[in-house]
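Following: one structure in structure tokens, then a few remarks.
As the structure lists them, so they are numbered: ligands from 1, and atoms in each ligand from 1.
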Amino acid sequence: MASSILKLKKFLSLERERHFDNRAVVGGLDKVIPIWQKEALSDGLDEEVIASIVLQLQRYSSLDVSSREETIKAIFNALDDPEGPKPVEGIEPDPSEESKPAPQPRVPHRLNIDLNAPVTVIPGVSKQKAAILARLGLHTLEDVLYYFPRRYDDYSRMKPINRLTYGEEVTVLGTIVAVQTRPIRGGKSQLTEAVLSDGTGTLRLSWFNQPWREKALHQGDQVTVSGKLDMYLGRLVMNMPEVEELEKEHLHTSGIIPVYSLTSSISQKQLRSIIHEAVRFCAPRMEDYLPESIRLNLKLMDLGVALYQVHFPDSQDTLDQARWRLAFDEIFLLQLGVLRQKYTWKRVEARRFDTPSQWLEEQISRLPFPLTGAQRRALDEIARDLQSGRPMDRLLQGDVGSGKTVVAALGMAMVMRHGAQAALMAPTSILAEQHYRNLSRLLTAGDEHSPALLSPEEIRLLVGDTRESEKEEIRTLLAEGKVKLVIGTHSLIEDPITFQDLQMVVIDEQHRFGVAQRALLRAKGNNPHLLVMTATPIPRSLALTIYGDLDLSIMDEMPPGRQPVETHVLHPLERERAYQLIRSQIQAGYQAFIIYPMIEQNGDNGKAEALAAVEEHQKLQREVFPNLRIGLLHGKMRPDEKDEVMARFRDGEFHILVSTSVVEVGVDIPNATVMLVEGANRFGLAQLHQFRGRVGRGNAKAYCLLIPDHEDALENERLAAMAETSDGFVLAEYDLEQRGPGEFLGTRQAGYSELKMAKLTDVKLIEKARQQAQAIFEKDPDLAAPEHAALTERLNRFWGAGRGDIS
Ligand code: ADP
Ligand code: MG
């Protein structure tokens, strides 16, 4: 292409990026005329073309913004004509306009617009249209600006039918030459087929059970179809493609056309034109709330430009930049909100506890095993927090069996050695008992060199079952400061216990508790240090985002010598093999778990789930294992009933425990060697991994058997990941990719529905956003600086709707 044309295009693109303020060239676009004209002539460009362009440039400064936009578009069209540059098809100036003096450019660079204005402010949107838009969730101007295309059709990259290849995802343009629907599978289903032709060949399209397609398509319709190319009987076909009517005007434009999700009673074209109106008006006037330093630093596109480009991109490159900018904003706002909470908490003061390393080494040397590197790192982090003078807010995240308990014990010891008190809360009394036994052993051991940290009387257990007289005694001793460590369940917060000097709170399996419960326990002390523990591995990207307000210690290393649990995915017809393995393991003196999934039904899921387990329990007892003792555990039982069943299983009274997913939480049953999961496809990998963590805690080899309830290649591939790795973090990443973040978020929904563009799997993006958010808080912890006013306003809006549990 001639260099004069390239140069002109550059000026015009720049002008477009500046929202047509006529400042792309100093003094106005018409200042380029003399030089450009000369260059164009020497490039040999057609004189008629040159003249038409010069005319447009001369007029440019007197036009209003939308005519300027039209003009530039028209020049591009003329230059990009497939048959070579042609004269610009003029936007004929309105004769009455031309005689007037040139108006001042009407658009100041920034002008705050009311993003909360109803959609009816958009030209062409009537009350009726507004009602249709409401069905898409579009109520305000902002909703419309942020209603991002579902996908794009790239007209510039379409391929003729004779050049398509198998497996490609493409958009093809052509004419419908035939449509018909016929019954298949003995009339149970319907298949609609159409033939698309583009002169180079034909392509068969088919839809399963969408008979309305036949009425929507007509012979002779010019359409674009998008989908993946499949092969049927040696010919390329497209199954279930999407179809859009061809809009000829796009054929000669930049070529990337947005495609939006629709509802009935509005067409793609109508919606696109409404969005275009809104974007065209707002984009140049949007205030960019991101501080300029961040924008420059990360080379982010201007907000208005990004909103324009994400809907109506000039090129793939500008589209990518626009998406990056908008995704950045989402994560950045999320991080800012989370950090704001953290900084608020961190302003409180807490008692300092120093931990001489010699003392710590002595404690460690008394353990029956050396610590893993990960355990040591976590302990260092805890020691530093305790010394900081600010309350610790730390999440200790480590796979099942990674040894979190001993870390928590030593952490509490760092506080108790100064005479202060600590409390540990676990979700079930069986777990609380287990911790009570383990911690008693760890903390009351002493020798001639160093005396025991605590005496047995200084550690107490308080659960629902504890006798009232004993509870009363514990209350008194805690208030007097004679009990240093109390371990318990919810009772710790429900009971009116008070502490003399509670300085550290540990919460095990934190996902089982709400923030409110955590706050209640914390409130029993005066800004005590807090350590929460979880065995649910969360991918790092996600943890940074959702636990950004907690400091994170990750224990990604297992104690040495653990045998991985041998894991198999079995076909439903191979169930008998699983039963065989269970029989032989029980014969050898071991025990087994059998898990049943929740059966989804409308209404009371807990009940349906319980029923399924009850029925299976009976069936197994009668038909499969008549000579074995089988226990039953399900969600409809009272907590004390559940604990009792668990305790009896732990004590060997049952050979097999049949359970619903309630068994998930961390009880140690070293004698159990088989974990059989029925309906395994219904569980997330993270949860299956938790089940698997129930076995393999002893020295014997353990097995995990997964039986999906139907054959499905993709599901089985997912389950196969279980057989391939025993690393909970790897599985969690896999889950995140396959099933999205829902698995991990649970009730922590606030803010996440705002993520339209960003993917929580994008670690790079998340880390960038986090760095920037942190830098802002370091400079301006109250977000009070004038240059952050717009940002604060945006932040409040982002978190405003339904801000909930985030810690
Ligand atoms: P979890 O992180 O799942 O809560 P636990 O704290 O219950 O794990 O530890 C699981 C088992 O591993 C316990 O029996 C514990 O004594 C043991 N253990 C912990 N740390 C180590 C280590 N460094 N070396 C060997 N065994 C360890
Ligand atoms: Mg544990």
Side-chain angles (χ1 to χ4, degrees), residues 360-361 363-382 394-413 423-445 461 485 487-489 505-513 531-538 552-565 593 643 646 650 663-673 675 686-700 702 704 726-729 731-732:
L360 186 59
E361 289 311 321
Q363 305 299 314
I364 293 174
S365 70
R366 274 214 301 253
L367 297 173
F369 40 71
L371 291 183
T372 64
Q375 283 171 318
R376 277 185 172 273
R377 275 194 298 280
L379 274 174
D380 283 346
E381 286 162 344
I382 290 170
R394 184 165 290 279
L395 175 70
L396 178 58
Q397 197 192 332
D399 216 339
V400 209
S402 59
K404 293 184 289 297
T405 315
V406 65
V407 172
L410 290 171
M412 291 189 291
L424 187 158
M425 183 161 71
T428 63
S429 53
I430 184 162
L431 251 187
E433 271 171 48
Q434 183 180 303
H435 283 316
Y436 174 71
R437 274 196 309 274
N438 289 336
L439 294 184
S440 294
R441 208 173 46 228
L442 280 170
L443 298 170
T444 60
L461 175 72
L485 171 59
I487 295 163
T489 54
V505 166
V506 177
I507 292 176
D508 194 18
E509 307 292 348
Q510 65 87 35
H511 59 283
R512 291 285 162 135
F513 295 101
L531 178 69
V532 297
M533 307 198 285
T534 178
T536 310
I538 294 177
L552 188 61
S553 293
I554 293 184
M555 302 220 301
D556 51 1
E557 189 183 344
M558 284 292 182
R562 291 272 162 79
Q563 294 190 49
V565 177
F593 288 98
D643 268 343
M646 258 337 250
R650 178 195 63 201
V663 80
E664 192 190 331
V665 161
V667 182
D668 236 345
I669 308 216
N671 198 44
T673 56
M675 169 58 67
Q687 204 179 1
L688 289 174
H689 183 63
Q690 290 293 311
F691 293 148
R692 178 163 65 183
R694 300 296 107 231
V695 298
R697 304 193 132 217
N699 298 323
C704 175
S726 54
D727 184 331
F729 286 94
L731 293 170

Check: Taking side chain as C-beta onward, heavy atoms only, is N671 less than 4.5 Å from R650?
Finding: no

Item checked: Smallest separation among heavy atoms of L371 and R376, with atom names -> CB-CG, 4.1 Å

Note to self: Distance alone, cut at 3.5 Å: any donor-acceptor contact between the side chains of E381 and S553?
What the structure shows: yes

Notebook entry, point to check: Do L552 and R394 come close enough that some side-chain heavy atom pair is under 4.5 Å?
Noted result: no

Margin query: What does the 4.0 Å heavy-atom contact list look like for ligand 1?
Written below: F369, P370, L371, T372, Q375, D399, V400, G401, S402, G403, K404, T405, P559, R562, R697

Item checked: Smallest separation among heavy atoms of D399 and S726, with atom names -> OD2-O, 3.9 Å

Item checked: G403 versus V406, closest heavy-atom pair with distance -> O-CG1, 3.4 Å

